[in-house]
Every structure is written in C-alpha cells, then in structure tokens.
Amino acid sequence: MKKNQEKKTIHDNDTKLIRAINSGRRELFYELVKRHEHSLYNFGLRMCGEPRDAEDMVQDTFLNVYRYLDGFRYETRFKNWLYRIATRACIKKRRKSTYAPEKELSLEEFLPSDESQIPDEVPEWALMPIDKLLNRELNGMIRDAILALPEKYRVVIVLRDLEGFDTAETAQISGITPVNVKVRLHRARLFLRDKLKAYFNHDD
Amino acid sequence: MTTKPYPHQECLRLFEKLSEFIDDELDAVTCQDIEQHLKDCRACTACMQTLKKTVELSKCTGSHPVPETFSENLKNLIRKMS
C-alpha cells in the first residue's frame with residue numbers, strides 16, 4: 001500500500017459555490033452564508049443557550065470561514081469544516097464565561113441505586129408516539145437538560161443526535177476519537193434520560 | 001460496605017453497549033446476543049426502550065428562526081467585506 005495515499009476529494013452541494021468564491025467571485029460568499037445561517041444559529045442556541053451568544057458565534061464563525069476559505073481542501077464536506085470552526089467558537093465563548101467547572105459523568109451514576117430502581121416494565125412515556133409527547137414545555141425541558149450537560153458531553157450529543165452527524169464526522173468536528181464520541185454520547189443520553197424520567201414521573 | 005443489588009453481569013455489559021445497539025453500530029453477533037437477552041430480560045428491555053425514546057425526543061425538538069435584525073446585520077457585514 002502506498003504510504004502517502006492521495007486524500008479523497010469530496011464533492012457536495014457547496015463545492016461548486018466554494019470553487020467560484022475561491023476563483024475570485026467573493027461576492028458569492030453571502031450565498032454560502034444564507035445556506036448555513038439557520039442551522040448554524042440553532043447549533044449555537046443548543047450549545048450556548050443565549051440567543052446573543054449564538055449570534056456572536058455565528059458571526060465569528062462566518063468571519064473565520066471567509067478568512068480561511070481559500071485554504072479549504074475539499075477533503076471533507078464543507079458543513080463538517082464549518083461546524084468544526086463553530087464548535088471551537090462555542091468552546092472559546094464558554095471559557096470566557098463563569099460556568100461551573102466541567103464534571104465527568106460515569107456510567108455507574110446512571111445504574112439503579114437499589115432494587116426499587118430496577119424497572120420491570122417499560123414506562124408509559126417510552127411507549128407513546130412522539131407527537132403525543134412533544135409539547136412546548138417538554139421541548140424546553142430537553143433544551144435545558146442539554147445545556148446542563150458538561151460541555152464535552154453536550155458537544156457530542158448535539159452533533160450526533162440534534163445536528164445529525166455520524167460518529168466519524170462528530171469525531172472529526174470535535175477533535176476526539178470515534179471511541180470517545182461513543183462513550184461520551186452514551187453518557188450524555190443517559191443523563192438526558194434521567195431528566196426525562198424525573199419529568200414524566202413528576203407528572204404522574 | 002454497602003452491597004448493591006446489581007443486575008446480572010450480562011445486563012451490565014448490555015448497559016454499556018445500549019447506545020451502539022440503538023445506533024446499529026455493533027457487529028451482527030453482538031446484536032444477536034443482545035436481542036436474545038432482551039427477550040428474557042424486562043429490566044433491560046425497559047432500559048433500552050427509555051433510552052431509545054430519549055434519543056427520538058431529542059431529535060424532534062425543532063428549531064428557531066434566525067432573528068431578522070441579526071440576519072440583516074450579518075448580510076450587511078458580509079457584503080461590505082466581499
């Protein structure tokens with residue numbers, strides 16, 4: 001096998017536009033912004049919580065993309081590259097704030113603490129169709145629960161479950177290994193599940 | 001020392017792998033083992049269903065529109081630069 005294999009070039013919906021921008025049509029950059037503004041803003045909300053912080057992140061991200069677009073090598077989807085820059089912007093933003101220090105989540109803390117906690121049947125909420133469950137209040141509660149997650153777990157669950165990236169892409173975007181993505185994702189989901197259990201039990 | 005009434009060792013192994021199972025990221029043999037275990041274990045079935053529903057719910061929370069003023073300001077900034 002050749003040691004220095006040529007990296008694959010990815011062609012996606014943005015490739016043509018980026019090539020045009022990089023060939024001198026800089027005025028087309030806003031077209032690229034329009035395509036991704038909505039999803040990036042919502043990523044910012046999911047990660048940072050406050051609309052103002054999400055706006056700052058979006059602006060910083062697009063400014064960085066503008067600055068470095070001519071270095072984009074088409075070795076990944078543009079969206080993945082964009083989100084990598086955005087993720088770093090979110091983390092940078094958080095470091096400037098005064099949140100509580102990051103906490104590790106262990107698998108053990110999500111195990112039943114005594115026999116009464118071991119379920120012997122599936123709870124009703126887990127069997128109901130999504131459209132019967134979701135409402136504004138529950139949406140808000142899920143959003144708050146994700147924001148309550150320590151950042152390293154929040155990044156992974158947002159990228160995987162809310163933004164729709166797969167394990168390999170999430171690893172690439174967040175700069176961790178695929179194994180770590182899976183470990184952190186599982187713990188993040190268990191954390192969220194605990195919040196949901198408490199929410200639905202409270203409603204009984 | 002407190003003695004925790006622990007689920008069976010197989011339950012613990014499944015617990016670690018639940019997300020991968022839901023995401024279809026496990027090999028066929030492991031999947032089959034898990035499916036077999038789920039047939040006989042109500043606790044693990046409940047665990048799996050609640051986790052699956054958690055994932056489904058988080059995927060459906062929807063999105064917010066970009067605030068108009070911000071969008072307009074961003075457009076002006078980008079147009080000025082480019």
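Throughout, protein chains are lettered first and strands after them, A, B, ... in sequence-line order, and every chain is numbered starting at 1. Since the model is a prediction, treat every value here as computed from it, not as a measurement.
- For chain A, the nearby part of B:L77 is the side chain; its heavy atoms alone come within less than 4.5 Å.
- Per-residue counts of heavy-atom pairs under 4.5 Å with chain B were compared for A:V158, A:I130, A:L196, A:I21; the largest is that of A:I130.
- Of the two parts of A:Y41, only the side chain, counted from C-beta on, holds a non-hydrogen atom closer than 4.5 Å to a non-hydrogen atom of chain B.
- Chain B forms more heavy-atom pairs under 4.5 Å with one residue of A:K197, A:R189, A:E121, A:E27 than with any other, namely A:R189.
- Nearest heavy-atom pair, A:M57 versus A:G44, reported as atom, atom and distance to 0.1 Å: CE-CA, 3.3 Å.
- Aromatic rings from A:F165 and A:Y83 are positioned such that their centres are separated by under 6.0 Å.
- Only the side chain of A:L133 comes within less than 4.5 Å of a heavy atom in chain B; its backbone stays farther off.
- The backbone N or O of A:K93 lies less than 3.5 Å from no partner atom in the side chain of A:D53, so there is not a single donor-acceptor pair.
- Residue B:N73 does not touch chain A at all, counting heavy-atom pairs closer than 4.5 Å.
- For A:L190, the parts lying under 4.5 angstrom from a heavy atom of chain B are both the backbone and the side chain.
- Annotation: maximal heavy-atom pairing with chain B below 4.5 Å, among A:M128, A:R143, A:R187, occurs at A:M128.
- Both the backbone and the side chain of B:C47 come within contact range of chain A, judged by heavy atoms closer than 4.5 Å.
- For A:R46, the part lying under 4.5 angstrom from a heavy atom of chain B is the side chain only.
- Under the 3.5 Å distance criterion, the side-chain polar atoms of A:H11 are left unmatched by any main-chain donor or acceptor of A:K16.
- B:Q49 touches chain A through backbone and side chain together, each having a heavy atom under 4.5 Å away.
- For chain B, the nearby part of A:N42 is the side chain; its heavy atoms alone come within less than 4.5 Å.
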